[in-house]
Amino acid sequence: MASRKFVDQLNVQIGNEFAAHQQYVACAVYYDALTMPQMAGFFYRQALEERDHAMMMVQYLLDQSERVEISGVGGPVTSFDDIVAPVELALDQERRVTNQINELTAIARAENDFASDQFTQWFIKEQVEEVATMSDLLTVVRRAKNDVEAIEDYVAREQSSAASDPTAPAKAGS
Ligand SMILES: [Fe+2]
Ligand SMILES: [Fe+2]
């Protein structure tokens with residue numbers, strides 16, 4: 001049993017994570033079409049991480065024998081003014097998700113729902129990393145916006161793979 005308010009908001013967040021997945025696929029395809037394979041690969045991997053976040057939340061609700069909603073998502077932004085714009089959008093998205101996760105934690109605490117409070121802690125740490133990653137990438141892309149190869153080199157060197165995290169919550173379906 002989790003608190004009713006927490007379950008309602010976590011179901012909303014599952015939709016937000018799937019929307020983030022769609023948005024990052026759109027960013028990846030944009031860079032793929034520009035033949036920027038490193039940036040494309042980075043966003044394809046980020047997209048998979050967002051799907052994983054949704055499936056961790058699904059698994060948590062299943063474990064708690066709570067209702068799970070898989071909602072539709074709004075269409076992502078698919079056209080961008082320049083190669084900086086998708087990263088700006090991604091950083092805004094990560095900051096927004098950070099606020100959403102903080103709100104989930106606040107609900108769990110207000111409701112004395114200690115298991116749900118603990119469940120959100122991994123996501124708090126994850127958001128610190130994701131905001132830092134996107135913020136660094138935005139700095140590089142702004143600085144090198146006329147030097148695509150410099151951006152590609154940076155991503156290949158610094159963002160080529162996501163290390164697996166043994167402390168991550170279990171995902172539904174895996
Ligand atoms: Fe996420
Ligand atoms: Fe994220």
Side-chain angles (χ1 to χ4, degrees), residues 8-58 69-107 120-165 168-169 171-172:
D8 289 347
Q9 197 57 39
L10 192 60
N11 273 307
V12 170
Q13 191 60 30
I14 289 169
N16 292 339
E17 299 291 338
F18 280 125
H21 168 269
Q22 294 291 90
Q23 184 59 68
Y24 284 159
V25 170
C27 294
V29 168
Y30 169 81
Y31 289 115
D32 223 352
L34 291 176
T35 317
M36 294 179 70
Q38 296 294 333
M39 283 291 278
F42 171 80
F43 276 102
Y44 285 128
R45 288 191 296 279
Q46 290 296 315
L48 280 178
E49 283 193 19
E50 302 304 345
R51 180 190 183 278
D52 286 350
H53 296 163
M55 297 308 259
M56 290 169 187
M57 293 169 183
V58 169
E69 279 171 32
I70 305 299
S71 63
V73 299
V77 176
T78 55
S79 68
F80 301 99
D81 288 344
D82 58 27
I83 62 171
V84 177
V87 185
E88 287 173 336
L89 184 149
L91 179 57
D92 283 349
Q93 176 169 287
E94 292 301 340
R95 287 184 172 144
R96 197 165 58 242
V97 171
T98 296
N99 291 335
Q100 290 161 350
I101 298 292
N102 288 345
E103 181 57 27
L104 276 165
T105 308
I107 291 170
T120 64
Q121 299 305 299
W122 183 85
F123 292 92
I124 293 174
K125 174 178 70 92
E126 176 73 2
Q127 283 310 121
V128 171
E129 290 169 12
E130 297 218 327
V131 168
T133 298
M134 285 304 174
S135 176
D136 288 351
L137 185 60
L138 184 56
T139 300
V140 170
V141 171
R142 277 186 176 148
R143 193 165 59 209
K145 68 177 171 194
N146 298 315
D147 185 356
V148 164
E149 293 314 319
I151 297 169
E152 289 284 279
D153 286 348
Y154 168 82
V155 175
R157 192 173 65 244
E158 303 289 340
Q159 304 291 344
S160 58
S161 66
S164 77
D165 179 351
K171 304 184 283 270

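Remember, it's a predicted structure, so these values are computed and weren't measured experimentally.
- Here Thr98 pairs with Gln127 under the side chain to side chain donor-acceptor pair (under 3.5 Å) rule; sequence neighbours left out.
- Phe80 has its side chain out of reach of Leu34: every pair of non-hydrogen atoms, C-beta onward, lies at least 4.5 Å apart.
- Using a 4.5 Å heavy-atom cutoff, the side chains of Met39 and Val87 are in contact.
- Applying the 6.0 Å contact sphere to CG of Asp81 captures no more than 12 heavy atoms from other residues, nucleotides or ligands.
- Between the CG atom of Leu89 and the CD atom of Glu94 there is a distance of 10.5 Å, given to the nearest 0.5 Å.
- Rounded to the nearest 0.5 angstrom, Leu104 CG and Ile107 CD1 are separated by 5.5 Å.
- Taken from CZ in Arg142 to CD1 in Ile83, the straight-line distance is 12.5 Å, to the nearest 0.5 Å.
- The two atoms that bring Phe18 and Val73 nearest to each other are CB-CG1, 3.9 Å, heavy atoms only.
- Side-chain contact between Val58 and Ile14 is present, with heavy atoms from C-beta onward closer than 4.5 Å.
- Summarising the geometry, atom NE2 belonging to His21 is positioned 12.0 Å from atom NE2 belonging to His53; distances are rounded to the nearest 0.5 Å.
- Taking CD from Gln46 and CD from Gln23, the interatomic distance works out to 12.5 Å, rounded to the nearest 0.5 Å.
- Considering all non-hydrogen atoms of both residues, Val77 and Ala26 come closest at O-CB, 3.5 Å.
- Here the options are Thr120, Asp52, Leu10, the test is side chain to side chain contact (heavy atoms under 4.5 Å, CB included), and the partner is Met57; only Leu10 passes.
- Listed by chain and number, the residues in a ring-ring contact (aromatic ring centres under 6.0 Å, His included) with Tyr31 are Phe43 (sequence neighbours excluded).
- Under the side-chain hydrogen bond (donor to acceptor under 3.5 Å, both in side chains) criterion, no residue pair touches residues 143-160, with sequence neighbours excluded.
- Taken to the nearest 0.5 Å, the CD atom of Gln93 stands 4.0 Å off from the OH atom of Tyr24.
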| task | Go through Asp165 and Lys125 one step at a time and tell me if the side-chain contact (heavy atoms from CB on, under 4.5 Å) criterion holds. | result | CA-CA 12 Å; Asp165 179 351; Lys125 174 178 70 92; 3.1 Å; yes
| message | Does Leu91 form a side-chain contact (heavy atoms from CB on, under 4.5 Å) with Leu137? I'd like the steps, not just the answer. | response | CA-CA 9 Å; Leu91 179 57; Leu137 185 60; over 6 Å; no
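- Asp32 and Ala40 make their closest contact through N-CB, 3.7 Å (heavy atoms, listed as atom of the first residue, atom of the second, distance).
- Between Met36 and Ile151 the shortest heavy-atom distance is CE-CG2, 4.3 Å.
- Of all the heavy atoms in Arg95 and Val131, the pair that sits closest is N-CG2, 4.2 Å.
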| Criterion side-chain contact (heavy atoms from CB on, under 4.5 Å) on Glu50 and Gln22, from CA distance to verdict | CA-CA 9 Å; Glu50 302 304 345; Gln22 294 291 90; over 6 Å; no
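- Scanning both residues, Thr105 and Gln121, for their nearest heavy atoms gives CG2-NE2, 3.8 Å.
- Using a 3.5 Å distance cut-off with no hydrogens or angles, the side chains of Glu17 and Gln13 do pair a donor with an acceptor.
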